[in-house]
A.B. asks: 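Have a look at this one.
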Amino acid sequence: MNPLVQLAAEKPENPLIPPIPELVIGFIAFVIVFGFLAKKLLPNINKVLEERREAIEGGIEKADAAQTEAQSVLEQYKAQLAEARHEAARLRQEAQEQGAVILQEMRAEGQRQREEIIAAGHAQIEADRKAAASALRQDVGKLATDLAGKLVGESLEDHARQSGTVDRFLDELEAKAEAVR
């Protein structure tokens with residue numbers, strides 16, 4: 001008989017419990033595979049995991065630094081914006097004040113020019129009035145002497161006498177006109 005059959009016939013075996021030689025061989029193979037993995041593969045895995053952890057921590061630190069810098073830049077921007085708004089308000093106020101001063105100066109200059117024009121106009125009117133009065137005196141004097149000469153029948157050509165008579169007559173008329181007013 002075959003020794004295996006004899007061995008199988010002698011002892012009934014439990015199918016859940018493997019034979020001892022298989023257990024020993026399986027255990028030795030497991031230790032060899034585990035040792036190989038522990039020596040070769042596990043350091044590479046740990047190295048990759050450590051690099052990832054460092055990259056993540058470095059990225060977080062960089063992100064925190066960038067966020068801090070961004071916050072700083074934002075604060076500077078807000079400060080500059082507030083300063084620019086303040087400066088714009090100050091410039092606007094100065095421009096309004098300068099505009100008011102210029103407007104006041106222009107009004108004063110316009111008033112001064114208006115008064116000069118009025119004074120020049122009054123002076124011109126006075127000069128024209130005097131010129132007209134002088135011309136009128138001469139014309140009235142000439143007409144009066146001509147008329148008096150025709151009435152009297154003799155020529156009143158004496159210029160000095162004529163001027164004195166005309167001036168006296170016109171002065172009397174002016175005095176009467178003043179008295180009436």
A.B. asks: Charged N to carboxylate O below 4.0 Å: is that the case for Arg53 and Glu57?
C.D. replies: yes
A.B. asks: Any side-chain heavy atom of His86 within less than 4.5 Å of one from Glu83?
C.D. replies: no
A.B. asks: Check this for me, if you would: do Glu50 and Lys47 make a salt bridge, where the nitrogen-to-carboxylate-oxygen distance has to be below 4.0 angstrom?
C.D. replies: no
A.B. asks: Below 4.5 Å, heavy atoms only, C-beta onward: do Tyr77 and Leu81 meet side chain to side chain?
C.D. replies: yes
A.B. asks: Treat each ILVMFWY residue as a node, draw an edge where side-chain heavy atoms are under 4.5 Å apart, and state whether Leu41 and Leu49 are in one component.
C.D. replies: yes
A.B. asks: Knowing that exactly one of Glu75, Glu69, Gln67 qualifies, which makes a side-chain contact (heavy atoms from CB on, under 4.5 Å) with Gln71?
C.D. replies: Glu75
A.B. asks: Under a 3.5 Å threshold, yes or no: a donor from one side chain and an acceptor from the other, between Gln111 and Glu115?
C.D. replies: yes
A.B. asks: Between atom CD of Gln124 and atom CG of Asp128, what is the distance when rounded to the nearest 0.5 Å?
C.D. replies: 4.5 Å
A.B. asks: So Lys176 and Glu172, salt bridge (charged side-chain N to carboxylate O under 4.0 Å, His left out) or not? Walk me through it.
C.D. replies: CA-CA 6 Å; Lys176 286 181 184 179; Glu172 288 175 9; 5.6 Å; no
A.B. asks: For the side chain of Thr68 and the backbone of Asp64, is there at least one donor-acceptor N/O pair under 3.5 Å apart?
C.D. replies: yes
A.B. asks: Could you please spell out the steps behind the side chain to side chain donor-acceptor pair (under 3.5 Å) verdict for Glu109 and Gln113?
C.D. replies: CA-CA 6 Å; Glu109 178 66 20; Gln113 287 178 355; 3.1 Å; yes
A.B. asks: How long is the gap from CZ on Arg107 to CZ on Arg114, to the nearest 0.5 Å?
C.D. replies: 13.5 Å
A.B. asks: Roughly how far apart are Gln80 CD and Glu87 CD, rounded to 0.5 Å?
C.D. replies: 13.0 Å
A.B. asks: Counting only heavy atoms not in Arg90, do more than 12 sit closer than 6.0 Å to its CZ atom?
C.D. replies: yes
A.B. asks: Heavy atoms only: give me the nearest Pro43-Ala38 pair and the separation to one decimal.
C.D. replies: CD-O, 3.3 Å
A.B. asks: Measure the shortest side-chain to side-chain distance between Asp171 and Glu174 over non-hydrogen atoms and say whether it is less than 4.5 angstrom.
C.D. replies: yes
A.B. asks: Report yes if some heavy atom in the side chain of Gln93 is under 4.5 Å from a heavy atom in the side chain of Gln96; otherwise report no.
C.D. replies: yes
A.B. asks: Honestly curious: do Leu37 and Ile45 fall in one hydrophobic cluster under the side-chain, below-4.5 Å linking rule?
C.D. replies: yes
A.B. asks: Hey, which of Val48, Asn44, Leu42 is the one that makes side-chain contact (heavy atoms from CB on, under 4.5 Å) with Asn46?
C.D. replies: Leu42
A.B. asks: Heavy atoms, side chains only, cut-off 4.5 Å: are Glu126 and His122 in contact?
C.D. replies: no
A.B. asks: Assigning hydrophobic clusters by single linkage (Ile, Leu, Val, Met, Phe, Trp, Tyr; side-chain heavy-atom cutoff under 4.5 Å), is Ile117 placed with Met106?
C.D. replies: no
